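In what follows, a single structure is set out as structure tokens and then discussed.
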Amino acid sequence: MNITLRVFKPEDFDTLYEIDQACYEPEVAYSKRELRAYLHFSGSDCLVAEAPAQAVAAAADAPAPEKQIVGFCISARRDEGGYIVTIDVLPQFRRHHVGSMLLTEIERRLAANGVREVTLETATDSDSAVAFWTKHGYRNRGIKKDYYPGGRDAFVMAKTLPI
Ligand SMILES: CC(C)(COP(=O)(O)OP(=O)(O)OC[C@H]1O[C@@H](n2cnc3c(N)ncnc32)[C@H](O)[C@@H]1OP(=O)(O)O)[C@@H](O)C(=O)NCCC(=O)NCCS
């Protein structure tokens with residue numbers, strides 16, 4: 001799959017919101033206010049992954065977009081500490097290493113800004129997410145009880161970036 005990455009642009013916001021809604025249960029997905037706040041944190045970074053737009057019938061007077069956003073990742077950092085706010089890949093584009101591309105580049109950008117350790121929370125009952133983080137070298141450092149709205153627990157996972 002021909003995936004390319006680029007930095008978030010403000011006009012992507014509504015698409016990112018829709019992707020987040022598609023990736024999480026309604027009580028866990030971000031509100032627009034929350035998503036906007038994470039994107040504007042001091043030290044935040046957001047990359048989007050794009051795929052060639054699927055053949056859709058274009059309106060006669062509107063050219064079809066050449067690319068569609070299929071995933072994104074938001075990180076934050078303070079000093080040597082980095083944090084993955086979220087990583088979202090549309091269900092129909094999963095298992096094609098879109099998430100891996102996003103995470104690898106977000107980690108590279110964090111490291112370039114002096115980050116040495118990256119942490120995140122992920123739902124303890126999300127086997128796919130835990131498998132994804134484990135595959136990328138994140139290790140379980142503990143549990144936050146009732147972390148998510150609705151009462152689900154989260155693993156705290158962390159990884160030391162190579163220097
Ligand atoms: C987690 C998520 C971002 C992974 O994105 P993805 O593009 O499908 O991931 P990749 O294709 O890069 O997967 C890399 C590796 O992670 C592991 N992995 C990913 N999804 C998996 C699954 N459903 N089951 C088992 N292992 C999985 C595999 O080892 C995989 O490598 P492989 O396909 O070569 O076996 C995606 O499933 C997603 O958006 N989930 C919903 C949102 C979420 O839970 N985000 C994480 C919490 S913040």
Side-chain angles (χ1 to χ4, degrees), residues 1-8 12-41 43-54 67-78 81-111 115 117-162:
M1 196 178 291
N2 186 14
I3 299 293
T4 51
L5 303 183
R6 65 166 171 80
V7 172
F8 165 81
D12 300 329
F13 180 82
D14 286 342
T15 305
L16 268 50
Y17 174 74
E18 286 165 16
I19 292 174
D20 194 66
Q21 294 289 315
C23 284
Y24 294 98
E25 299 81 1
E27 67 272 18
V28 174
Y30 292 138
S31 66
K32 286 195 172 182
R33 187 183 189 146
E34 289 170 319
L35 184 59
R36 198 167 279 117
Y38 285 124
L39 287 164
H40 290 99
F41 265 168
S44 78
D45 188 19
C46 178
L47 294 177
V48 304
E50 292 182 310
Q54 288 164 345
K67 292 179 175 181
Q68 65 174 125
I69 299 175
V70 299
F72 68 98
C73 183
I74 303 175
S75 69
R77 66 183 159 80
R78 183 180 293 168
Y83 181 69
I84 304 295
V85 175
T86 195
I87 184 165
D88 298 23
V89 175
L90 281 173
Q92 61 272 37
F93 289 90
R94 290 181 192 162
R95 298 309 288 266
H96 293 286
H97 294 156
V98 176
S100 295
M101 284 180 68
L102 284 164
L103 181 62
T104 301
E105 182 60 9
I106 277 279
E107 288 178 345
R108 190 194 66 74
R109 290 162 69 94
L110 286 169
V115 167
E117 178 158 282
V118 183
T119 59
L120 58 90
E121 287 94 14
T122 201
T124 56
D125 59 0
S126 178
D127 293 344
S128 56
V130 172
F132 175 78
W133 297 121
T134 303
K135 171 93 175 203
H136 284 280
Y138 287 79
R139 296 295 174 256
N140 190 352
R141 296 273 176 87
I143 291 183
K144 288 185 178 176
K145 302 292 282 181
D146 296 332
Y147 179 77
Y148 293 102
R152 291 159 77 199
D153 300 339
F155 286 128
V156 179
M157 301 187 80
K159 171 182 179 177
T160 302
L161 298 180

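As the structure lists them, so they are numbered: ligands from 1, and atoms in each ligand from 1. Given the structure is predicted, the values throughout are model-derived calculations rather than measurements.
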>> If you count every heavy atom of other residues, nucleotides or ligands that lies below 6.0 Å from R6 atom CZ, does the total exceed 12?
In response: yes
> What distance do F13 atom CZ and C46 atom SG have between them, rounded to the nearest 0.5 Å?
Replying inline: 10.5 Å
> Which residue and non-hydrogen atom of the protein lie closest to atom 11 (O) of ligand 1, and at what distance in Å?
Replying inline: H97 N, 2.8 Å
> Just by distance, do the side chain of R152 and the backbone of T124 share a donor-acceptor pair under 3.5 Å?
Replying inline: no
> Between A22 and P91, what is the shortest heavy-atom contact and its length?
Replying inline: O-CG, 4.1 Å
>> For atom 26 (N) of ligand 1, what is the closest protein heavy atom, and at what distance to 0.1 Å?
In response: A131 CB, 3.4 Å
> Does the gap between the ring centers of Y38 and Y30 come in under 6.0 Å?
Replying inline: yes
> Got a second to check how far K67's NZ is from T4's OG1, nearest 0.5 Å?
Replying inline: 3.5 Å
>> Distance under 4.0 Å to a non-hydrogen atom of T122: what atoms of ligand 1 satisfy this?
In response: 47 (C)
> Distance from M157 atom CE to H136 atom NE2, nearest 0.5 Å?
Replying inline: 11.5 Å
> Of the listed options (A129, S100, A49, S126), which comes nearest to atom 12 (O) of ligand 1 when hydrogens are ignored and any heavy atom counts?
Replying inline: S100
>> Closer than 4.0 Å to some heavy atom of D88 - which atoms of ligand 1 meet that?
In response: 39 (O)
>> Using heavy-atom distances only, which candidate in R95, R94, E121, K135 approaches atom 27 (C) of ligand 1 most closely?
In response: R95
> Looking at OG1 of T122 and CD1 of I84, how far apart are the two atoms once the value is rounded to the nearest 0.5 Å?
Replying inline: 11.0 Å
>> Working to the nearest 0.5 angstrom, can you tell me the gap between F93 CZ and Q68 CD?
In response: 4.5 Å
> Out of D20, L120, I87, V70, whose heavy atom is nearest to atom 45 (N) of ligand 1?
Replying inline: I87
>> Quiz question for you: does at least one protein heavy atom lie closer than 4.0 Å to atom 2 (C) of ligand 1?
In response: no
>> Out of F93, Y24, F132, who is nearest to atom 46 (C) of ligand 1 when you count heavy atoms only?
In response: Y24
> Mind checking whether V89 has an N or O less than 3.5 Å away from an N or O of ligand 1?
Replying inline: yes
>> Test of understanding: given a 4.0 Å heavy-atom threshold, classify the contact between H96 and ligand 1 as side chain, backbone, both, or neither.
In response: backbone
> How far is atom 7 (O) of ligand 1 from its nearest protein heavy atom, and which residue and atom name does that atom have?
Replying inline: G99 N, 2.8 Å
> atom 23 (N) of ligand 1: which protein heavy atom is closest, and how many Å away?
Replying inline: S128 CB, 3.1 Å
